[in-house]
Amino acid sequence: MIRRLALLLLVLAGIPQAALAAPKPPADLVRASLLAEPSSVAGGRPFTVAVRMAMKPGWHVYWRNPGDSGLPPEITWTLPAGFSAGSVQWPTPERIPVSHLMNFGYEDEAVLLVTLTPPPSLDPAQPVRIAAKLNYLVCERECIPGSADLRLDLPAANVSPAPDPANAALFEGARSKLPQSVSWTSRVGGEGERLRLDIDVPGLKPETIRSGAFFPYSETAIENAAAQDLTADASGLHLRLTRATPGDPLPATLPGVLTLEEDTGSGPVTRSYAVGGEPPAVAAPVAAAPVPAAPALAPEERLTLWSAAALAFLGGLILNLMPCVFPVLSIKVMSLVRHSGEGPARVRLHGLAYTAGVLAAFLGLAGLLIALKSGGAGIGWGFQLQSPLVVAGLAYLLFAMGLSLSGVFAIGTGVAGLGDGLTRRAGLEGSFFTGVLATVVATPCTAPFMGAAVGFALTQSSAAALAIFAALGLGLALPFLLFTLWPSAMRALPRPGAWMELLKQALAFPVYATVAWLVWVLAQQVGSAGLLAGLTGLVLVAFAAWVWERARSAGSVLAVTARVAAVAALLAVGLLAVSADRDRASSVAVASRDGTEPFTQARLDDLLGRGQPVFVDMTAAWCITCQVNERLALDTAPVRAAMAARGITYLKGDWTNQNPEITRLLERHGRSGVPLYLLYASAGEPAVLPQILTQASVLSSLEPVPLAAGARSAALQQTGAH
């Protein structure tokens, strides 16, 4: 569905704001409460609290791995000094089908248990005040984000606290829904689309197993909605699953929760088991009381609506200098030259039409993004380029424009803008659609200031978000608009003449370069068969253009025949684009170089749990800013040597195709797109590097990380030698 909707971006002019207004959740959708198991708290004695969410019938919240869409609940604690909070103990989830998706979560009620540990001593005169900020996404067919501020006061005691009888049944029921930890050995095998999970279960009685379901901890391991085939024999259990990405290497392990419906003789009983090992526990975020401590933010991230709009405006201005916008800038220059003789008033109209096209495209793209995210889709800025269908479509469109600039065929009466092919009337529509195209090709680039502004926008109301995106579009359009509104600048343009034909043909080559880049991106998203389909589509575009131009000078019968052939070729192009989309493969555009590992949340948690420094690079093949940063800064010998000397593990996340784990990490850091660079030098919040990197800036950010033991010894020996 996302891929079909993204195709509309090429012609989308806007979405009514009323349709996108994100409603606040009614109070009865989720009733949240915070409860404690003991009636009091004693120093040094851990105790358990519960965050209870009771949902309205038909609505659900999500498990730690939400499945195909959604977000798990997040709890941020505000505790007295010296207290610490453990990780969430997740009850066994249910499979919740929504249309063609499969979600993992809870209906009716979810009780999340967390262990709190107090310091060794407490002041009996001071009550223990516990507070929690709960953020959640609750869904039926539509999804609504919500939050709750939860508080609990408990008396401090010098003796071992007794359980609170009023809450005993709730905690007993919550623990009964936790998966049992077992030491069963599991193995992963399979090939192609199929994945096999074999689990050794000592003493298993195969005849008692009636059915089962597997919930992996990893969000990208399996096709969640596909059928799960479970068989049992004397050796154990055998699950046949469908892999999410057939081209990826088989995982070494596949931890998760397995539910089994067993026949006990007196009726079926469903039990759940944690198999394959539990992921490293990550402590819940805790803010010191009484004032929650916020992580240090860069100045550009301490945002209000007005400051975010200002940053978006600056980011839009800088986008004009990005390489992905250059081909359209070339087209705009030709447009100004061609229209300079029409008089200042007419040229101003072209500037206003171009600006309207930019704003309409930005608001339409932002509106679609907001609507999809409100529906639970895990996407971000630039999401349309995660679709091979859109990438191929853009390549075909720009290739046709390049052929027109080269003189293979004529679009309408002019050559300077996409919209000139839609009408022969004055060409204002051409300026409008040139603005639309400028926006579409600008999305792969992320300018300074832009990431924080876009991330902030997508956490606000629809009206505020659209205002920020409008500021971004105004920044992109302003230089061209000012040029058309400034009469003296227009007088500096040369007069139209024969030289324009040569310049027109020369400007085709930046367009062809963009087509080559788009084909390279397509190659990272699809297999060899899909790439062949995409390249064949380019041949058919050229054939259709050639036939259409030949029809202009042919007789009536031949002209009709030629144009039918051209239309048939274009229909074939559409079929080939769909074929390329279906042949999507795992991305290899950012294949790990020496010293890097592919990003997974489990691997990041494991490294941080062992206290190792980590550098996280979130990138994508279609992100030109990412590619430039890698070649000019991250992939240079000094930076690689500095990371190796400090024992920094380099994790690279590839967002070329959709990846919910990467989307979630971006959202946690207030971003909605790549690039994102994080340096975990020690425990706590990571340092966020700028979106535009230099070798010097990266080396400077690495300096606080101490040298690894081996590198430190070598440095000391070298110093002693001198």
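Below, each value reflects all heavy atoms present in this structure, side chains not excepted, and no hydrogens, waters or symmetry copies. It should be emphasised that the depicted structure is a prediction, and the values quoted were computed from it without experimental measurement.
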Item to check | Rounded distance (nearest 0.5 Å) linking atom CZ of Phe104 with atom CG of Asp68 | outcome: 7.0 Å
Item to check | Leu134 CG to Ile75 CD1 distance, which is reported to the nearest 0.5 Å | outcome: 6.0 Å
Item to check | Heavy atoms from other residues, nucleotides or ligands near CZ of Arg668 exceed 12 (cutoff 6.0 Å) | outcome: yes
Next on the checklist: Can you tell me which residue among Leu258, Leu241, Ile222 is in a side chain to side chain contact (heavy atoms under 4.5 Å, CB included) with Pro216?
Outcome noted: Ile222
Next on the checklist: Under a 3.5 Å distance rule, please check whether Asn103 uses its side chain to pair with a backbone N or O of Ser69 as donor and acceptor.
Outcome noted: yes
Checklist entry - Taking the side chain as C-beta and beyond, is there a heavy-atom pair between Pro73 and Leu112 under 4.5 Å? => result yes
Item to check | Steps toward side chain to side chain donor-acceptor pair (under 3.5 Å) verdict (Glu262, Thr208) | outcome: CA-CA 5 Å; Glu262 304 174 59; Thr208 66; 4.5 Å; no
Checklist entry - Tell me, do Pro93 and Arg64 make a side-chain contact under 4.5 Å, heavy atoms counted? => result no
Next on the checklist: For Glu37, give me all partners under salt bridge (charged side-chain N to carboxylate O under 4.0 Å, His left out), at least two apart in sequence or on another chain.
Outcome noted: Arg175
Item to check | Heavy-atom closest contact (Lys177 atom, Ser272 atom, distance) | outcome: O-OG, 4.4 Å
Next on the checklist: If we count only N and O atoms by modelled type, under 3.5 Å, do the side chains of Asp617 and Thr619 hold a donor and an acceptor together?
Outcome noted: no
Checklist entry - Is there a side-chain contact between Met55 and His60 (heavy atoms, below 4.5 Å)? => result no
Next on the checklist: Tell me if a side-chain donor or acceptor on Asn65 pairs with a main-chain N or O of Ser218 at a distance below 3.5 Å.
Outcome noted: yes
Item to check | Validation row: Pro179, Tyr273 side chains within 4.5 angstrom (heavy atoms) | outcome: no
Checklist entry - So, the side chain of Ser186 versus the backbone of Ile199: is there a donor-acceptor pair under 3.5 Å, distance only? => result no
Next on the checklist: I need the Glu172 CD to Leu170 CG distance, nearest 0.5 Å.
Outcome noted: 10.5 Å
Next on the checklist: Is it the case that the side chains of Thr663 and Trp655 hold a donor-acceptor pair, with the cut-off being a distance below 3.5 Å and no angle test?
Outcome noted: yes
Item to check | Distance (rounded to the nearest 0.5 Å) between Arg187 CZ and Leu197 CG | outcome: 9.0 Å
Checklist entry - Which of these, Gln228, Glu193, Arg194, sits in a side chain to side chain donor-acceptor pair (under 3.5 Å) with Thr242? => result Arg194
Checklist outcome for this item: Interatomic distance, CG@Leu665 vs CD@Glu661, rounded to 0.5 Å, equals 9.5 Å
Checklist outcome for this item: Heavy-atom closest pair (Pro97 atom, Met102 atom, distance to 0.1 Å) is N-SD, 3.8 Å
Item to check | Shortest non-hydrogen contact between Tyr106 and Tyr62, atoms and distance | outcome: CE1-O, 3.6 Å
Next on the checklist: Quick check against the 3.5 Å criterion: does Ser39 have a side-chain atom that pairs as donor or acceptor with the backbone of Ala162?
Outcome noted: yes
Next on the checklist: I want to check something: taking the side chain as every heavy atom from C-beta on, are Trp90 and Val257 in contact at a cut-off of under 4.5 Å?
Outcome noted: no
Item to check | Student check: side-chain heavy atoms of Lys133 and Asp149 closer than 4.5 Å | outcome: yes
Item to check | Note, Tyr680 side chain near Leu651 side chain (heavy atom, < 4.5 Å) | outcome: no
Checklist outcome for this item: When rounded to the nearest 0.5 Å, the distance separating OG1 of Thr231 from CG of Asp229 is 8.5 Å
Next on the checklist: So does Pro161 get a backbone contact from the side chain of Ser40, meaning a donor-acceptor N/O pair under 3.5 Å?
Outcome noted: no
Next on the checklist: So does Asp198 get a backbone contact from the side chain of His238, meaning a donor-acceptor N/O pair under 3.5 Å?
Outcome noted: no
Item to check | For Leu254 against Phe214, the heavy-atom pair lying closest together | outcome: O-CZ, 3.4 Å
